[in-house]
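Note that the structure is predicted; figures quoted are calculated from it, not measured. Indexing begins at 1, ligand by ligand and atom by atom, following the structure's order.
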Amino acid sequence: MTTNTTDRKTVRGVFEPGSEHWVGDGFPVRNLFPSNGLVQQMDPFLMLDYAGPVEFPPAQHPKGVGEHPHRGFETVTIAYQGAVAHRDSSGSAGVIYPGDVQWMTAASGVVHEELHEREFSLRGGMFEMVQLWVNLPAAHKMSKPGYQAIASGQIPSVPIGEGATARVIAGELPGAKGPAQTFTPINVWDLRLSPGASAALPLPAGHNASIVLLRGSVTVNGAAADAGPRLILLSREGQSAVVEASADSLLLVLTGEPIDEPVASYGPFVMNTQAEIMQAIADYRAGRMGRLS
Ligand code: MN
């Protein structure tokens with residue numbers, strides 16, 4: 001693939017994680033946004049937490065996050081190392097292993113738990129995950145909850161240059177269409193580059209776009225990110241990016257058509273107005289988002 005340099009997206013900044021904290025007792029995360037103050041620039045993406053990589057010792061009781069609600073958006077969990085078990089009030093449940101993706105549409109509301117999978121917990125080992133929150137347009141915030149269990153084998157992998165591959169989780173690259181069904185046009189690609197590899201990525205003009213370097217060292221359109229994790233923010237204009245790696249690198253490419261609606265958020269609820277947030281809190285307290293059996 002070749003791209004015309006005049007069509008390239010401009011690098012707006014390279015950001016370090018804006019916060020570092022634990023989610024429950026199972027996910028030591030570094031947050032790439034919105035803790036940096038990156039909000040409108042990321043629309044339709046709301047949040048990205050990078051958990052690990054970290055070694056967990058064997059534990060009798062699976063660590064993680066117990067029963068908690070979500071409303072108004074989707075939670076996408078991408079597994080790199082370790083295993084996570086999920087169970088929610090709409091009756092969906094599943095375990096994701098390295099390469100798998102869990103795409104949960106909370107929409108009108110679910111209560112779920114996210115725990116280290118039992119066998120992984122007993123054995124212990126390396127753990128590395130990403131959780132990405134994808135906003136829903138107002139018209140779908142109160143839709144029925146959904147759940148897509150996307151196994152590694154369903155995710156097409158395409159060469160994007162010598163020593164460079166992309167797994168298309170959502171959206172499209174020439175020759176590959178991602179299995180995730182989404183409510184608005186987005187791309188989520190899992191990129192792996194070897195040292196010295198270079199990849200020219202076609203990125204939609206008009207989409208907000210960013211490249212998250214999880215591990216490794218790259219330049220994107222000439223801007224350096226020497227160590228992960230870093231978020232490389234690109235302009236909405238332009239339709240390509242060239243990624244060059246100087247070490248084994250693991251990246252996540254995110255692009256999306258902005259939803260461009262008001263955002264009111266409070267913890268696990270992301271709606272359009274403060275009144276809708278108050279309603280979400282009341283509905284959760286009254287058990288209207290269901291309960292785990
Ligand atoms: Mn959750």
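Under a 3.5 Å cut-off, the side chain of R8 and the backbone N or O of A241 do not form any donor-acceptor pair.
In this structure, R12 pairs ionically with E237, as a charged nitrogen and a carboxylate oxygen lie closer than 4.0 Å. In summary, R215 and E128 engage in a salt bridge, as defined by a charged side-chain N under 4.0 Å from a carboxylate O.
The atom of E114 that is an N, O or S and sits closest to the Mn ion (ligand 1) is OE1. For H70, the N/O/S atom at the shortest distance from the Mn ion (ligand 1) is named NE2.
The ring-ring contact (aromatic ring centres under 6.0 Å, His included) with F127 is formed by just one residue from the set F56, Y97, Y50, Y80; it is F56.
The NE2 atom of H68 and the NE2 atom of H112 meet at the Mn ion (ligand 1) at an angle of about 90°, given to 10°.
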